[in-house]
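First the structure, in the form of structure tokens, and then the observations on it.
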Amino acid sequence: MIIKNNFEISLDKFINFALYDKKKGYYMQKSPFGRKGDFITAPNISRMFSEMIAIWILGFWENLGNPKKINLVELGAGNGEMMKILIETFKKFPLFFDSCNIFIHEKSLKLKKIQKDKLDKDKIIWISDLKEIKKFPTIFIANEFFDAMAIKQFIKKKDFWFERYVIFKNKKKAFFNEKIFNMIKFEKKIGYNISKNQKFIEYSLVGVSYLKKITNIIKKNDGGLLIIDYGYMEKKMKNTLKSISNHKHSNVLENIGKSDITHNINFYLFKKIINQLGGLKDLITTQGSFLVKLGIKNRAEIISQNQSFSKKADIYYRLKRLIDEKEMGNLFKVMFIKKKNNKYKLGFN
């Protein structure tokens, strides 16, 4: 995309450019993870997080009847840390490991290279399209995936809806602008009334498209989708758009391509979409509750035995970050989408 003076684009197209432009996009230029990056994800806080996800996956495989062939798909694998621990854990369960086709769906060539340097290239298949997945039962893992999808924003003023745009006065200076929007036509296009009792809307066309593609695969081939992301359950939508640079909030319209742009998932909206698709069931809980029910506290006790005081303190400090209500424990939600007749609920009891 070429930016000119007085150039105007919708917010979702701006976010897509800022994050995924082949030359200037944030995720295309660098690895944003870890202390030297702009933010830290749960797999990089403690390997215990990924170990719990591995336990959940193994339990779900058993629930599906120990199929001789199963697909595991990580959506957006970051720096590959979670997949690294998953594979280390799965090797202790050879029956599952041998039956598992492992895929990573990754858009960023930069991150794909980091992943390939870290992971077993013989065991993993990198895909750019979900159509490349083999037709077996499929377990999808989406840790901080949907929050990175571009969103549209709509604002209601009196009886009129407006869509948020970004105007570039020049190549370096950008401003928000609003244009009147035909919400009735948009709701016909997406298939449901999103504006009812709302004054502000965030909606990701690409995020919902992924949700529909994944659930179609689940309905056809069996399996499920585990979403772990920061978000909220209230019906009333709100403005959650933010930019993060060097572990701090920054201005969305500044340092374009050098800051992460993200939003909080409205899980109530996801539930609404899933119900409308039919044949599916969803469960939702907080990250803290999910990890505790999977046994993360017991795991912390086991690995801290015979460790020095400082090592024990570090283990429990990392555990607190993952499960405490004031840290990631409540901010992050975990949603499990599966076929309606499936009774698996480990972590959601």
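These numbers come from the heavy atoms of this one structure, side chains and all, not from hydrogens, waters or symmetry mates. Please read all numbers here as calculations on a predicted model, not as lab measurements.
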Could you give me the CA-CA distance, side-chain angles and deciding distance for N239 and Q153, then say whether side-chain hydrogen bond (donor to acceptor under 3.5 Å, both in side chains) is met?
CA-CA 8 Å; N239 185 353; Q153 286 188 333; 2.9 Å; yes
Within the structure provided, determine whether E301 and Y316 are in side-chain contact (heavy-atom separation under 4.5 Å).
yes
Give a yes or no answer on whether the side chain of S204 reaches the backbone of A150 with a donor-acceptor pair at less than 3.5 Å.
yes
In short, L269 meets N266 closest at the heavy-atom pair N-OD1, 2.7 Å
Without hydrogens or angle criteria, can the side chains of Y230 and T240 be said to hold a donor-acceptor pair below 3.5 Å?
no
Donor-acceptor list for residues 322-332 side chains, cut-off 3.5 Å, not counting sequence neighbours:
unit_1 : atom_1 : unit_2 : atom_2 : d
D324   : OD1    : K326   : N      : 2.8

With the side chain counted from C-beta on, respond yes when M52 and F290 share a heavy-atom pair under 4.5 Å apart, and no when they do not.
no
Please identify each residue that fulfils side-chain contact (heavy atoms from CB on, under 4.5 Å) with S250, with sequence neighbours left out.
S243, S245, S259
Only pairs at least two apart or in different chains count here, so list each ring pair (Phe, Tyr, Trp, His ring centres under 6.0 Å) that has a residue in residues 100-133.
H105-Y210
Lys NZ or Arg CZ of K69 over F136 ring: under 6.0 Å, within 45°
no
Which ILVMFWY residues are connected to F162, directly or by a chain of links, through side-chain heavy atoms under 4.5 Å apart?
F160, I180
Starting from the C-alpha separation in whole Å, work towards a yes-or-no answer on side-chain hydrogen bond (donor to acceptor under 3.5 Å, both in side chains) for S195 and E187.
CA-CA 8 Å; S195 64; E187 287 178 329; 2.6 Å; yes
Can you list everything that forms a side-chain hydrogen bond (donor to acceptor under 3.5 Å, both in side chains) with E74? Sequence neighbours excluded, please.
none
State, yes or no, whether a side-chain contact exists between T41 and E81 at a heavy-atom distance under 4.5 Å.
no
Could you go step by step and tell me if K242 and N264 meet the side-chain hydrogen bond (donor to acceptor under 3.5 Å, both in side chains) rule?
CA-CA 9 Å; K242 53 187 171 289; N264 289 14; 2.5 Å; yes
Listed pairs under 3.5 Å, donor-acceptor, residues 82-97 side chains, sequence neighbours left out:
unit_1 : atom_1 : unit_2 : atom_2 : d
K84    : NZ     : E88    : OE2    : 3.4
E88    : OE1    : R47    : NH1    : 3.4
E88    : OE1    : R47    : NH2    : 3.0
T89    : OG1    : I85    : O      : 2.8

Applying side-chain hydrogen bond (donor to acceptor under 3.5 Å, both in side chains), can you list everything that pairs with K113, at least two apart in sequence or on another chain?
D117
Please name all residues satisfying ring-ring contact (aromatic ring centres under 6.0 Å, His included) with F60, sequence neighbours left out, ordered by chain then number.
W56, F336, Y344
Salt bridge (Lys or Arg N to Asp or Glu O under 4.0 Å) pairs touching residues 268-295, sequence neighbours excluded, are K271-D282
M48-Y317 co-clustered via ILVMFWY side chain contacts under 4.5 Å:
no
Applying the ring-ring contact (aromatic ring centres under 6.0 Å, His included) criterion to F181, which one of Y165, F154, W161 satisfies it?
F154
Tell me every residue that passes ring-ring contact (aromatic ring centres under 6.0 Å, His included) with Y203, counting only those two or more places apart in sequence or in another chain.
F186
Please output the side-chain donor-acceptor pairs of residues 216-227 that fall under 3.5 Å, not counting sequence neighbours, one pair per line with the distance.
unit_1 : atom_1 : unit_2 : atom_2 : d
N216   : ND2    : K212   : O      : 3.3
K219   : NZ     : L277   : O      : 2.9
K219   : NZ     : G278   : O      : 3.1

F200: which other cluster members, linking ILVMFWY side chains closer than 4.5 Å, directly or transitively?
I155
